[in-house]
Structures are given as structure tokens and as C-alpha cells.
Amino acid sequence: MSSILQTITNPHDLSDLSPEQLIQLADELRQFVIQSVSSTGGHLSAGLGTIELTIALHYVFNTPEDRIVWDVGHQSYPHKILTGRRELMPSLRQKDGLSGFPRRDESPYDTFGVGHSSTSISAALGMALGAKQKGEDRKVVAVIGDGALTAGMAFEALNHAGDLDANLLVILNDNDMSISPNVGALSNHLAKILSGKLYSTMREGSKKVLGKMPSVWELARRTEEHVKGMVIPGTLFEELGFNYIGPIDGHDLPTLIKTLHNLRDMKGPQFLHIVTTKGKGYKPAEENPCAYHGVGRFHPESGKLEKTPATGPTYTQVFGDWLCDMARLDERLVGITPAMREGSGMVKFSEEFPQRYFDVGIAEQHAVTLAAGLACEGVKPVVAIYSTFLQRAYDQLIHDVALQNLPVVFAIDRAGVVGPDGATHAGSFDLSYLRCIPNMVIMAPADENECRQMLYTGYRHTGPTAIRYPRGTGMGVNIESKMTALPLGKAEIRRTGSKIALLSFGSMLTIALEAAATLDATVVNMRFVKPLDAKLISALASQYDVLVTIEDNVAMGGAGSAVIEYLVQQQINIPVINMGLPDHFLEHGSREQLLTDAGLTADDILRHVNAISQSGQLAKHATLA
């Protein structure tokens with residue numbers, strides 16, 4: 001049998017295929033995704049569940065003129081393959097290769113960049129209103145799934161869209177069967193009827209006739225709701241102003257195509273509910289969709305994951321172990337996560353302390369204010385969250401936690417550069433956006449043991465604290481089981497040298513020590529970004545010729561800026577080289593590649609120090625990124 005997928009160069013090629021060929025294409029596309037991701041790593045389970053939906057959308061709609069917004073964006077691998085990027089898939093999430101998420105600058109078919117969750121309905125509504133404003137008859141579809149409907153932003157957009165007459169189709173890809181498991185022949189048949197022209201015409205005609213008789217119209221409206229409500233879980237969406245269709249089997253390609261054809265021609269806000277299987281068609285992913293949600297390389301025949309030799313526990317594992325240890329010592333401790341249990345290392349805690357574990361879904365704002373409310377009652381909340389996701393709860397962090405000086409611990413994972421997930425997931429900004437908030441204590445561990453002790457330090461503090469640590473493993477140091485609180489705002493000298501002092505924040509210590517061996521420089525593990533060890537900084541400024549600050553946060557407004565601000569306030573004049581991430585978004589690649597591109601290597605330290613030493617302008621501050 002000849003390959004159909006190999007003949008598809010863009011979505012318009014789908015129109016030449018028969019129904020049987022479309023089904024064959026779905027099988028080929030599913031196998032291609034499995035083979036491709038097995039060699040690059042990436043998100044697998046979610047994309048396998050959207051194979052039929054992707055084909056149906058591009059078959060029915062005139063893309064890219066008609067807009068499709070994918071949410072969460074890691075569902076879009078099949079979409080990338082059908083839109084001219086099949087040959088580029090071996091470069092997925094590699095340096096200078098394809099992004100793992102939709103990107104507007106990558107393809108005209110990627111209508112909106114979606115790395116974070118729950119943004120699609122807002123964006124799609126904006127596109128629909130934009131088309132209406134310009135008098136363009138364009139269709140706009142938001143595909144939301146993989147838990148993205150748990151976020152408040154999605155419901156804010158639904159509430160607004162239902163109050164407008166914009167032509168918007170929202171497709172709920174219910175791949176965890178969280179809303180309704182009742183999918184079958186009856187539901188599929190009803191969906192075809194309810195999305196068909198006959199039903200739609202009768203419905204609109206009835207409005208016009210019965211609308212003149214309010215009591216009769218109200219009875220008819222309620223009767224319709226009750227009849228649909230008996231077999232369709234769509235009352236909520238109907239109340240928000242959408243015409244609800246579904247649920248239907250999201251892997252039944254003929255039904256999908258027929259239903260989408262009907263919905264394409266309907267005016268106003270439409271809502272289609274499909275139910276899919278995460279990992280569909282690949283047994284290992286179906287049986288354990290979480291393990292194959294985001295995977296490294298694996299053997300496609302067996303599903304066996306390739307594992308790199310462990311050099312020690314990751315920072316995430318250090319946090320997970322500390323959380324359980326601390327919970328055994330203090331029954332007031334509760335753990336909160338916005339749908340990142342596995343990624344944040346909370347599986348063991350959730351199993352051992354289920355009554356003290358709260359997964360709030362993809363609702364970062366709620367997670368932070370929930371923690372604030374718990375803290376008001378004397379409970380000790382620990383919020384485990386990625387750096388990039390804490391950005392989404394910034395108002396709550398300031399207004400609900402810091403302003404009230406509540407003792408909430410923020411365990412911030414994936415700080416600094418994160419590698420293949422790229423710009424949307426980089427933790428590049430947390431030191432900058434946290435440092436300006438009053439009452440915050442901010443710590444950055446240099447190694448695994450220090451991470452454990454800092455978590456304990458933050459837990460014992462009477463105000464809000466943040467401990468930010470990178471993805472992956474640390475320096476491989478011995479982790480002490482005993483927990484000791486560190487004195488707030490106290491750094492430590494790791495190496496003593498002459499003339500030059502390297503002030504390292506967090507995971508940059510390894511690089512600083514490497515450079516110091518050549519420079520014969522003093523190395524300080526700063527530990528605290530706020531409060532700074534002001535006494536030590538003053539002493540260093542009086543003893544050394546040059547200070548170099550090193551951090552894996554943007555240089556603008558980061559830890560190095562805090563050092564310079566302090567020196568200026570104290571009217572201390574000493575050259576300062578401020579090394580941090582540059583003022584642009586970092587693309588995907590390995591952590592080592594990104595640090596090299598950012599100029600954060602031992603060689604870069606040597607280069608900057610040599611340049612300022614040879615400039616003859618040691619009386620001036622030099623800020624370099």
C-alpha cells in the first residue's frame with residue numbers, strides 16, 4: 001500500500017482524498033508521530049489523541065485563511081506535519097529546529113503562539129472580532145484540551161464570547177474524560193442532528209415565532225434544555241451563550257468531518273465537545289499517558305524509554321523528598337500545585353499525605369491565593385510551581401501574599417534556562433520580578449544540599465519566601481538528612497583569591513569556580529538575592545579591584561542589578577561586570593547550548609575580566625550581558 005502521508009505537502013492536498021484514504025492517513029500520521037518523537041523526545045500522548053481531529057479540521061476548514069488556535073500547544077505535532085513541516089520533524093525541539101509549540105514566525109498555519117495553557121479562546125475570540133471588524137468572512141476555531149479548560153482565563157473568555165455574535169467555534173478536546181465518559185453511537189447521532197441545518201433552521205425559526213409569545217417561548221426553551229440535558233452535559237456552555245454539540249467520539253473521523261461541516265456554516269458562538277484517548281493508538285502511551293506526556297527518546301517498538309545514567313538526584317527530587325520529610329515533622333504543612341504533580345516532584349507526597357495535597361488544575365492565580373487563605377488560618381502552605389507559570393499569578397503574589405506578609409513558601413522549579421521547551425517555558429525572569437516585591441525573601445541554591453536547607457529556611461520564616469532552582473541535577477554533593485536553617489541574607493566564600501571577586505547566584509557556582517581557577521579569583525556563593533549580604537559586598541568592594549556577578553536570570557533587574565544598586569546607594573565606586581541572560585527570548589536547545597549562546601560560560605567570564613582589565617577604565621562600572 002502506497003503512503004498517503006508522503007503526498008501531503010499542505011492541508012489543501014486533503015481535499016483530494018476519499019473517506020477511506022483519510023482513515024488510512026490517520027493511521028500513517030499516528031505512526032509517523034510515534035517514530036518521530038521516539039528519536040527526538042517531546043510531547044507524545046496529547047498529539048496522538050488529536051490525529052483525527054487535526055485531519056478533520058484541515059479537511060473542512062480553509063486554513064490558514066480560517067484560523068485554528070491549538071491549546072495546549074503540545075497537541076499540535078500532527079498539525080505541524082500536515083502543514084508542510086514533515087521533513088523538519090527530526091529537528092523538533094533541537095537548537096535552530098522546529099519548536100515544540102505553535103509559533104507565528106514558524107508557519108502561517110500557526111496562528112497564535114501557545115506555550116502556556118488556556119489562552120486559545122481569548123485569542124480566537126479576538127481573531128473572530130477582528131475578522132468581523134474588517135468585514136472578512138473568516139472562520140475561527142479554538143481547540144482547547146489536555147486540562148486547559150480548568151483555568152479561569154478560559155471561562156472568562158467563554159463568558160465574553162457567549163455575549164457576542166462573533167463566529168467562533170470552540171472545540172473541547174476532553175482527553176481525560178473529565179466531563180463525560182458517555183460517548184457512543186447515540187451521542188454521535190445526536191451531535192449530527194443538533195449540528196445539522198434542519199435542526200438549526202427549526203431552532204432559529206422557532207425563536208422568531210415563539211419569541212412573540214413569551215410564555216410559550218420560555219416553555220419551549222426550557223423543554224429543549226431539559227431534553228438536551230438528559231443526554232448531553234452541555235448546560236453550562238449553553239448558559240454561557242454557546243450552542244453546545246456533543247460529546248462525540250473524537251476518533252470517529254467521518255462523524256467529526258460531518259459535524260464540523262455543519263458547524264462551519266452556523267453563525268455565532270458554537271461549542272463542540274469531543275472525547276479522545278490520550279496516547280491513542282500506541283499501547284504504552286494509552287496505558288500510561290502521563291509517563292508519555294513529555295518523553296525523552298524511546299524505542300518505538302517496545303516503548304522502553306532511554307535513560308541517561310543518573311549522576312545524582314535532580315533538584316525536583318530533592319524538593320519532593322524534603323516536602324515529605326517536612327510533612328512528617330509538621331502536620332500543618334500542605335502542598336499545592338497547579339497541575340504539575342509529576343513535574344514538580346509531588347507524587348510521593350500526594351500518595352503519603354492525600355488530605356494535605358491540593359492539585360488545583362491549571363489555575364496558577366487560584367493556587368497562590370488559596371495558599372494565602374490557608375496561611376491566614378495558621379496552615380503552612382508550600383506552592384510548587386514552575387518559574388514560567390508563577391508569572392501568571394503575579395498580582396496574587398503581590399496583593400494576596402506579600403502585601404499581607406503571609407508565610408507562604410514558593411518552591412520555584414525550572415528556574416533559568418530550561419532547554420528544549422524553549423522561550424515559553426524559560427525561567428529567565430523570576431529574580432527580576434520577585435526582587436522588587438516588598439517582604440519577599442529570595443534564595444538561589446548552588447547545590448542540592450543547599451536547596452534542601454533553603455527550603456527548610458523558607459519554611460521557618462514568618463513571611464513569604466521563594467527558593468528558585470534549575471531543572472536537572474546539581475553538583476553531586478552529599479545531601480544531609482538533618483535540616484538546618486540558614487541565617488537570612490548571609491553569603492559564603494567558597495574560594496579565596498586576589499584582585500577579582502566572582503559573586504555567583506544559584507547554579508552558576510560551577511562556572512564561577514572553573515573560571516576562578518584560571519583567574520585566581522575569590523568566589524562567593526551569594527545564596528540570597530534578597531536580602532543581599534550587604535556587609536560582605538562592602539568588604540569585597542574594599543579589598544578587590546573588580547566584582548563580577550553571575551546569574552542565570554535576565555541581567556536587567558536581576559541579582560547583579562541589586563548589587564550595583566547597593567553599591568551606588570553606598571557611594572562605593574568599583575568596576576562591576578554584571579553577567580546574566582540577554583535582553584531577548586532564548587530559543588530551544590540544550591541547557592549547555594543556551595548558556596553558551598547567552599555568554600554564561602567560564603570562558604566568557606575570562607573574556608569579560610580581561611577586557612575590563614585591559615581597558616584602563618577600572619574606575620567605571622561595566623554592565624555586560
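As a basis for the values below, the full set of heavy atoms in this structure was taken, side chains included, without hydrogen atoms, waters or symmetry mates. All values derive from a computational prediction rather than experimental measurement.
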Take atom NE2 in His299; do more than 12 heavy atoms of anything else shown fall under 6.0 Å from it? yes
Under 6.0 Å from the CE atom of Met475, do we count more than 12 heavy atoms belonging to anything else shown? yes
Would you check if [X] and [Y] make a side-chain contact, meaning some heavy-atom pair closer than 4.5 Å?
X      : Y      : answer
Val523 : Leu509 : yes
Pro464 : Asn405 : yes
Ile537 : Val563 : yes

I would like to know whether Met579 and Val548 meet side-chain contact (heavy atoms from CB on, under 4.5 Å); could you show each step before the answer? CA-CA 7 Å; Met579 297 181 63; Val548 182; 4.1 Å; yes
My understanding is that only residues two or more places apart in sequence, or in another chain, count here; which of them pass ring-ring contact (aromatic ring centres under 6.0 Å, His included) with Tyr544? none
Do Asn553 and Ser432 get their side chains close enough for a donor-acceptor pair, meaning under 3.5 Å? yes
Do we see a donor-acceptor contact under 3.5 Å between the side chains of His588 and Ser99? no
Would you please name every residue forming a salt bridge (Lys or Arg N to Asp or Glu O under 4.0 Å) with [X], sequence neighbours left out?
X      : answer
Asp413 : none
Asp71  : none
Arg591 : Asp552
Lys499 : none

Should Ile577 and Thr549 be marked as a side-chain contact (heavy atoms from CB on, under 4.5 Å) after you check the CA-CA gap, both sets of side-chain angles, and the distance that decides it? CA-CA 6 Å; Ile577 300 173; Thr549 69; over 6 Å; no
Partners of [X] by side chain to side chain donor-acceptor pair (under 3.5 Å), sequence neighbours excluded?
X      : value
His74  : Asp146
Tyr566 : Ser538
Tyr386 : Arg414
Asp603 : none

Carboxylate-amine/guanidinium contact Glu286 Lys278, below 4.0 Å: no
Using a strict cut-off of less than 4.0 Å between a Lys/Arg side-chain nitrogen and an Asp/Glu carboxylate oxygen, indicate whether Arg103 and Glu587 qualify as a salt bridge. yes
Plane angle bin for His425 and Phe101 - parallel if under 30°, tilted between 30 and 60°, otherwise perpendicular: parallel
For residues 357-379, which residue pairs qualify under side chain to side chain donor-acceptor pair (under 3.5 Å), counting only residues two or more places apart or in two chains? Thr369-Asp400
Stepwise side-chain contact (heavy atoms from CB on, under 4.5 Å) test for Leu606 and Thr518: CA-CA 8 Å; Leu606 300 179; Thr518 301; 4.0 Å; yes
Side-chain donor-acceptor contacts of residues 526-533 below 3.5 Å, not counting sequence neighbours, with atom names and distances?
| from | atom 1 | to | atom 2 | distance (Å) |
| --- | --- | --- | --- | --- |
| Arg527 | NE | Glu450 | OE2 | 2.7 |
| Arg527 | NH2 | Glu450 | OE2 | 3.4 |
| Arg527 | NH2 | Glu492 | OE1 | 3.4 |
| Lys530 | NZ | Arg435 | O | 3.1 |
| Lys530 | NZ | Ile437 | O | 2.8 |
| Asp533 | OD1 | Leu536 | N | 3.2 |
| Asp533 | OD2 | Ala491 | N | 2.9 |

For Asp325 and Lys482, what are the C-alpha separation, side-chain angles and deciding distance, and is it a salt bridge (Lys or Arg N to Asp or Glu O under 4.0 Å)? CA-CA 10 Å; Asp325 291 344; Lys482 180 182 179 181; over 6 Å; no
Would you mind writing out the side-chain donor-acceptor pairs for residues 329-349 within the sub-3.5 Å range, not counting sequence neighbours?
| from | atom 1 | to | atom 2 | distance (Å) |
| --- | --- | --- | --- | --- |
| Asp330 | OD1 | Arg332 | N | 2.9 |
| Asp330 | OD1 | Arg332 | NE | 3.1 |
| Asp330 | OD2 | Arg332 | NE | 3.2 |
| Asp330 | OD2 | Arg332 | NH2 | 2.8 |
| Asp330 | OD2 | Tyr459 | OH | 2.9 |
| Thr337 | OG1 | Met340 | N | 3.1 |
| Arg341 | NH1 | Ser350 | OG | 3.1 |
| Ser344 | OG | Met340 | O | 3.1 |

Step by step, would you call Asp597 with Gln593 a side chain to side chain donor-acceptor pair (under 3.5 Å)? CA-CA 6 Å; Asp597 289 349; Gln593 289 171 330; over 6 Å; no
